[in-house]
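Structure first, commentary second.
Proteins get letters first, then strands, A, B, ... in listed order; numbering begins at 1 in each. In this text, all values refer to a predicted model and were calculated from it rather than measured experimentally. For the numbers below, each heavy atom of this structure counts, side chains included, while hydrogens, waters and symmetry mates do not.
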Amino acid sequence: MIHEAQTEQSTRQAFLVALNAGSLVEAQLAARNLAIKDCNAAPFSFIRNAVAKTSPETLPLKPLKVALLSSFSIEFVHDSLVAMGFLDGLRIEIYQAGFGQFRQEILNPKSGLYAFEPDVVIMAVEGIDWMPTLYRDYLDVIDGEVDKDLAEFRKEILNLVRIFREQSNSTLLIHNFAPPVWRQLGILDGHVSQGQAELLHEANRFLYGLCRETQGVFVLDYAGLVNRFGSKHWYDDRMTYYARLPISQPMLPHLAREYTKFFRGLAGRSKKCLVVDLDNTLWGGVVGEDGVDGIQLGPDYPGNAYVAFQQAILNLHKRGIILAIASKNNPADVDEVFAKHPHMVLKKTHFAHEQIHWGLKSQSLMEIAKRLNIGLEHIVFVDDNPVECHQVAGAFPMVTVIRLPDQPERFIGALLEEGLFDGLSFSQEDRNREELYRQVEQAEELRGRCASLEDFYCELEMEVSFSPVQANSVSRAAQLTQKTNQFNVTTIRYSDSEIAARARDREWLVTTVRVKDRFGDNGIVALMLARFGSGELDIDTLLMSCRVFGRTVETAMLAYLCEQARRRGAQRIRARMIPTSKNAPSQGVYETHGFQRVSVGSNGESSWLLDLANGAIVYPRWLKIVEEWTQADEKSDVAHGR
Amino acid sequence: MEERIKQIMADVLDLDPDSIDESTEMDAIESWDSLNHIQLCLSLEQEFQISLLVSEIESMLSYPDIVQVLQGKM
């Protein structure tokens with residue numbers, strides 16, 4: 001006990017020292033230890049107060065303005081929210097609307113809400129406050145207008161969301177509704193034609209539909225949260241009546257965490273890659289000692305808990321998270337488990353890269369990051385061994401390290417509860433991502449074998465298809481603008497609706513680029529936005545995923561733009577280069593393709609010009625170019641065999 | 001127990017734990033408003049794994065009062 005108190009004091013000290021020294025990653029690590037320990041509320045207040053005292057210049061936190069609209073005293077979540085945001089590298093500034101003022105704030109264009117210019121607006125309304133009859137006086141309307149509340153809710157939420165979208169481009173999160181704890185008909189609620197639970201289900205369905213159809217509006221699954229913790233733990237009836245605070249104090253950090261999952265997605269901080277240990281992680285026991293037949297994995301406890309954990313990891317893989325292995329083992333032992341064990345859910349093919357040797361785990365992680373071309377800050381590392389976890393966290397504090405609990409049945413919760421992998425989109429490319437990274441690996445190997453670079457390009461048998469953005473590719477195009485940092489000349493971020501608007505505009509060219517090679521289809525991996533005007537084609541966006549770096553795809557893209565410019569009678573191509581800390585790989589693209597630099601601004605931004613009269617850029621001969629046309633243009637697939 | 005109480009008061013009310021003594025009371029501390037009061041009582045509940053009645057919450061208006069109520073709960 002004394003030991004624990006001392007550790008807590010020293011962690012607090014370490015946190016304050018790191019904070020004041022501006023060492024964000026160390027401060028985050030200490031804060032994480034304070035906050036995660038038991039999710040007690042007081043350390044969250046401590047963290048919030050300390051962070052509030054630092055000046056924005058000393059800590060590289062990304063500011064995020066959050067407006068809270070609520071029908072109850074949601075102020076109590078502020079401390080957890082600011083502290084949780086800090087753990088994710090965000091400095092959260094809160095606008096708290098007056099109690100129960102959510103309608104007025106949205107309807108009034110001059111409200112404090114809009115003046116605050118929030119990045120995110122959260123509408124946290126309890127079902128009972130929105131549909132009081134349905135929750136409280138259900139039996140009075142059961143023979144009459146039983147769905148009157150529901151009908152009014154639909155009308156109102158539709159109107160509120162519409163008006164909100166007219167006034168603001170912010171992201172909007174709307175709580176869905178948890179059903180009443182006590183159904184007024186008891187066990188018969190499910191038997192009458194419109195029971196309370198069923199009506200609430202309808203309200204939620206309507207909300208889901210509305211959010212799906214409206215850009216940047218998301219359902220926050222409040223009912224799911226209440227369900228996960230149980231209404232008995234979630235609600236505090238005493239505080240409901242005493243302070244209009246229906247949510248019990250220990251649950252508030254969980255609500256805050258649910259919000260921060262969205263913030264992380266918006267800030268592009270979702271994790272992309274999971275690196276797992278093997279022994280006592282994917283299976284119980286140590287294969288090197290226990291042998292393939294001796295490890296715990298199979299239908300009985302604890303083997304079945306490891307099977308379930310593997311299934312959870314496989315599900316991450318299916319939603320586009322890259323998997324890799326970092327294990328201290330003999331490769332032959334591991335191969336044998338993968339090849340022979342009948343209860344292995346995960347196969348070798350699910351892993352994009354593996355580091356199986358006796359070297360340091362931090363080195364394995366470094367190698368994985370390099371091979372897969374992803375930043376360490378996008379990696380989650382999972383291990384049962386506290387020493388390994390400590391070693392990795394010490395070497396690379398930006399890696400999120402999860403130390404697995406002692407019992408395997410708690411692994412899934414430890415992996416998923418923070419929602420580290422949650423993002424705000426789920427594209428076709430995500431579904432196939434693992435396959436895509438395999439292809440990159442294979443291509444890298446091929447490069448090693450080829451005598452010259454040109455041989456390598458030829459052997460890749462690449463096919464590059466250009467297509468105007470389509471209804472089904474708008475969201476992928478927007479996703480590329482939001483996520484691409486390295487090969488991105490202007491780093492302009494677009495929402496789905498902005499991409500769609502430009503695609504409808506005759507002056508704009510919005511073209512997606514798909515790249516196939518002998519190892520498979522990489523999907524849409526590059527994007528161009530350009531605008532025609534006064535005899536020029538002006539490049540607004542030219543970006544490419546790191547998956548196809550170093551394959552002359554950018555040359556093909558510029559050649560395509562030259563062709564388009566000529567077709568529309570433009571004589572010149574104009575371009576801009578806005579340097580960032582991350583886009584070094586794209587900074588030389590205009591110079592190497594013969595553009596002339598016209599000017600350089602004080603911020604390093606340069607503008608470039610290519611005169612087509614002096615010769616246009618041509619497609620590299622090793623690429624097969626395919627142009628796809630929309631119905632709007634003349635329908636004809638033109639394939640240049642080159 | 002006193003040390004833990006002081007730590008939690010310090011966390012929630014943004015005070016130095018060493019500054020908390022017998023004279024520390026709600027009326028004299030600016031950050032100790034009604035919202036923070038509830039937050040403080042709920043944090044103490046969570047820390048000591050107890051449950052407070054509303055009447056107790058309303059009586060815990062100074063550091064000595066808090067200690068007294070909590071000792072009665074142990």
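- By the neighbour-count criterion of 12 heavy atoms within 6.0 Å, atom CD of A:Q407 is densely surrounded, having more than that number from other residues, nucleotides or ligands.
- The CD1 atom of B:I8 sits 10.0 Å away from the OG atom of A:S45 when rounded to the nearest 0.5 Å.
- Put simply, the side chain of A:M239 reaches to within 4.5 Å of the side chain of B:L42, judged on heavy atoms.
- Sparse packing is recorded around CZ of A:R244, with 12 or fewer heavy atoms of other residues, nucleotides or ligands lying under 6.0 Å away.
- For the pair B:R4/A:E8, a side-chain contact is recorded, criterion being any heavy-atom separation below 4.5 Å from C-beta on.
- Applying the side chain to side chain donor-acceptor pair (under 3.5 Å) rule to A:N227 yields no partners; only residues at least two apart in sequence or on another chain are considered.
- In terms of heavy-atom pairs under 4.5 Å with chain A, the best-connected choice from B:L13, B:I38, B:L40 is B:I38.
- Taking a 6.0 Å sphere around OH of A:Y242, one finds it holds more than 12 heavy atoms contributed by other residues, nucleotides or ligands.
- More than 12 heavy atoms of other residues, nucleotides or ligands shown are found within 6.0 angstrom of CD on A:E409.
- Side-chain atoms of A:R238 come within 3.5 Å of backbone N or O of B:L52 as a donor-acceptor pair.
- To the nearest 0.5 Å, the span separating CG on A:N49 from CG on B:L15 amounts to 9.0 Å.
- For A:F76, the parts lying near chain B are the backbone and the side chain together; criterion is any non-hydrogen pair under 4.5 Å.
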- Would B:D14 and A:K53 satisfy salt bridge (Lys or Arg N to Asp or Glu O under 4.0 Å), going step by step from the backbone distance to the final call? CA-CA 11 Å; B:D14 197 15; A:K53 284 176 203 143; 2.8 Å; yes
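- Distance CZ/A:F44 to OG/B:S43: 10.5 Å, rounded to 0.5 Å.
- Interface remark: B:I57 contributes side-chain atoms only to the contact with chain A (heavy atom separation under 4.5 Å).
- A:L245 places none of its side-chain heavy atoms less than 4.5 Å from the side chain of B:Q39.
- Shown here is A:Q104, whose CD atom has more than 12 heavy atoms of other residues, nucleotides or ligands within 6.0 Å.
- With salt bridges taken as basic N to acidic carboxylate O contacts below 4.0 Å, one links A:R12 and B:D11.
- Looking at B:E45, the atoms closer than 4.5 Å to chain A (heavy atoms on both sides) all sit in the side chain, from C-beta outward.
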